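The structure appears right after this line, and notes come after that.
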Amino acid sequence: MKKGLIVLGAAALVAGLAAPAAADPGPAGFGRATLTGFASLPAQTFVPDSEPSGSQLGTEPINGLTPPFDGQPVQGFSGIVPVGGGRYLMLSDNGFGEQGNSADFLLRVHEVKPDLRSGRVEVLGGFNLSDPDGHITFPLTREDRLLTGADFDVESIVRADDGTFWIGDEFGPFLLHVSARGRLLEAPIPLPGVRAPENPYLNGAKPNLARSKGFEGMARSADGRRLYPLLEGTVAGDRPGTLRMYEFDVRKRKYTGKRWTYRLESADNAIGDAVTVDRHRFLIIERDSAEGDAAKTKRVYLADIRDRDGDGAMDKTLVADLLNIANPKRLGGFGTTFRFPFQTIEDVAILDNRTLILANDNNFPFSAGRATGKPDNNEFITIQLSHPLK
């Protein structure tokens, strides 16, 4: 949900072929990953002195919690940027899952520090996204031009070398360029030829992307000159289960015309995030929509754009099954097999050649993957891969 470029990720990947690709076990022979750290931020964590939220959720209890809420929840982590010292910037998505119920959710980047030994997570602060300079021409929800979950569904983020951020949105889909404190620096950049139902510039035209299936993930080239935004859904006319990854030239502020295809294991799956490994390879979270005991697919793949088997899609190597992680030290109070059984796992970043950090989007207050009837916490885990990424 994500380096002299630090990647985040929130996540979706790339376009076009029919049958699901068999995941190549790969020459590296990746085996079972091992849990090396665990931390959890309680679901009922709110931004201090913040505005109420959830007024459009009704008044019936949801997983034991009754909206509206007294503050802005620290939730919905859909992108991650390591900033050093064990601290991370976490991008919250549009709030409560739909454009129509998230007008009182302020889009925000949180700074957190998970203690992966004690299991606690400290919220250090953060900043809201805003457009005080009027770069957005369509009507916004708020007169003060703070951005809300009714304006954009932000799902992916990378940090540029100058300290600004690029954010991927699902409603356009758009690319948003914001300052180090969240101020929009230029007009939202649309994706040529692709429009979601929420796109404010449709003007009666027919969308060719499903709702909430825009830029779920975005990676950055090592030199910072290119972005690789990734769609979560299949564009109309493409074969089911294929997703598009585009290349965007940061200096020219335009798409290069290059794109690649990521093929899901099942057309019913989705991606959660993506992060750059090197010039040709990305780590991609692929997941089903189930949670808890019903979850069957929560995986991290190494995807190679060189397409060495010539099938028209990225070559995939499974590097971690997130439902079958070795936990010999019983971290977090769990057994010797650890499961990360959440509906939406949308954050991955590379800490070293064998270590990844991952976090879930807890969809507050809706998801209940850990315990039936109880809203999920924001969990952070580190895992060690069986082999180095090289």
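The model shown is predicted, which means the values in this text are computed figures rather than measured ones.
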Considering non-hydrogen atoms only, spot the tightest contact between [X] and [Y] and give its length.
{"X": "Arg32", "Y": "Ser386", "value": "O-CB, 3.9 Å"}
{"X": "Gly373", "Y": "Ala368", "value": "N-CB, 4.0 Å"}
{"X": "His110", "Y": "Val47", "value": "CE1-CG2, 3.8 Å"}

So [Y] and [X], do their side chains get closer than 4.5 Å, heavy atoms only?
{"X": "Val109", "Y": "Val81", "value": "no"}
{"X": "Asn363", "Y": "Thr344", "value": "yes"}
{"X": "Met314", "Y": "Phe282", "value": "yes"}
{"X": "Lys316", "Y": "Glu265", "value": "yes"}
{"X": "Val250", "Y": "Arg225", "value": "no"}
{"X": "Ile381", "Y": "Leu331", "value": "no"}
{"X": "Arg211", "Y": "Glu198", "value": "yes"}
{"X": "Leu389", "Y": "Arg354", "value": "no"}

Keeping [X] on the side-chain end and [Y] on the backbone end, is there a donor-acceptor pair under 3.5 Å?
{"X": "Asp104", "Y": "Gly54", "result": "yes"}
{"X": "Asn208", "Y": "Gly193", "result": "yes"}
{"X": "Asn101", "Y": "Glu98", "result": "yes"}
{"X": "Asn362", "Y": "Gly76", "result": "yes"}
{"X": "Asp169", "Y": "Pro173", "result": "no"}
{"X": "Ser102", "Y": "Phe96", "result": "yes"}
{"X": "Asp376", "Y": "Gly369", "result": "yes"}
{"X": "Glu232", "Y": "Lys213", "result": "no"}
{"X": "Asp321", "Y": "Ile325", "result": "no"}
{"X": "Asn94", "Y": "Asp153", "result": "no"}

Ring centres under 6.0 angstrom apart ([X], [Y]):
{"X": "Trp260", "Y": "Tyr246", "answer": "no"}
{"X": "Phe340", "Y": "Phe342", "answer": "yes"}
{"X": "Phe248", "Y": "Tyr255", "answer": "yes"}
{"X": "Tyr201", "Y": "Phe138", "answer": "yes"}

Next item on the list: Taking only Lys NZ, Arg NE, NH1 and NH2, and the carboxylate oxygens of Asp or Glu, determine whether Arg263 and Asp311 approach each other closer than 4.0 Å.
Entry: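 Between Asp311 and Arg263 there is a salt bridge, with a charged N closer than 4.0 Å to a carboxylate O.
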
Check: Taking only residues two or more places apart in sequence, or in another chain, which ones meet Arg339 in a salt bridge (Lys or Arg N to Asp or Glu O under 4.0 Å)?
Finding: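 Applying salt bridge (Lys or Arg N to Asp or Glu O under 4.0 Å) to Arg339 gives none.
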
Checklist line | Derivation and outcome, salt bridge (Lys or Arg N to Asp or Glu O under 4.0 Å), residues Arg226 and Asp249 | finding: CA-CA 5 Å; Arg226 301 285 191 274; Asp249 188 313; 3.2 Å; yes

Check: Does the pair Arg306 and Asp315 meet the rule for a salt bridge (Lys or Arg N to Asp or Glu O under 4.0 Å), with working shown?
Finding: CA-CA 7 Å; Arg306 287 172 289 191; Asp315 299 327; over 6 Å; no

[X] atom [atom1], neighbour heavy-atom count above 12 within 6.0 Å:
{"X": "Asp144", "atom1": "CG", "answer": "yes"}
{"X": "Asp70", "atom1": "CG", "answer": "no"}
{"X": "Arg253", "atom1": "CZ", "answer": "yes"}
{"X": "Asp352", "atom1": "CG", "answer": "yes"}

Notebook entry, point to check: Rounded to the nearest 0.5 Å, how far does CD of Glu291 lie from OG1 of Thr372?
Noted result: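 One finds 8.0 Å between OG1 of Thr372 and CD of Glu291.
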
Note to self: As an exercise, state the distance from CD1 of Ile285 to CG of Leu358, rounded to the nearest 0.5 Å.
What the structure shows: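 Rounded to the nearest 0.5 Å, the CD1-CG separation comes out at 5.0 Å.
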
Note to self: Assess the residue pair Arg87 and Glu111 against the criterion (salt bridge (Lys or Arg N to Asp or Glu O under 4.0 Å)); give the C-alpha distance rounded to whole Å, side-chain angles, the decisive distance to 0.1 Å, and a yes or no.
What the structure shows: CA-CA 7 Å; Arg87 296 172 297 120; Glu111 183 177 356; 2.7 Å; yes

Could you pull out every donor-acceptor pair under 3.5 Å between side chains of residues 116-126 and any protein atom, sequence neighbours left out?
from   : atom 1 : to     : atom 2 : distance (Å)
Ser118 : OG     : Asp115 : OD2    : 3.2
Ser118 : OG     : Arg120 : N      : 3.3

Item checked: Stepwise salt bridge (Lys or Arg N to Asp or Glu O under 4.0 Å) check, Glu51 with Arg142 -> CA-CA 13 Å; Glu51 299 178 13; Arg142 295 173 60 112; 2.8 Å; yes

Notebook entry, point to check: For the hydrophobic clusters of this structure (ILVMFWY residues joined by side-chain heavy atoms under 4.5 Å, transitively), does one cluster hold both Leu35 and Phe334?
Noted result: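 Yes.
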
Check: With the 4.5 Å side-chain cut-off for hydrophobic clustering, are Phe165 and Ile136 part of the same group?
Finding: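 Cluster IDs for Phe165 and Ile136 match.
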
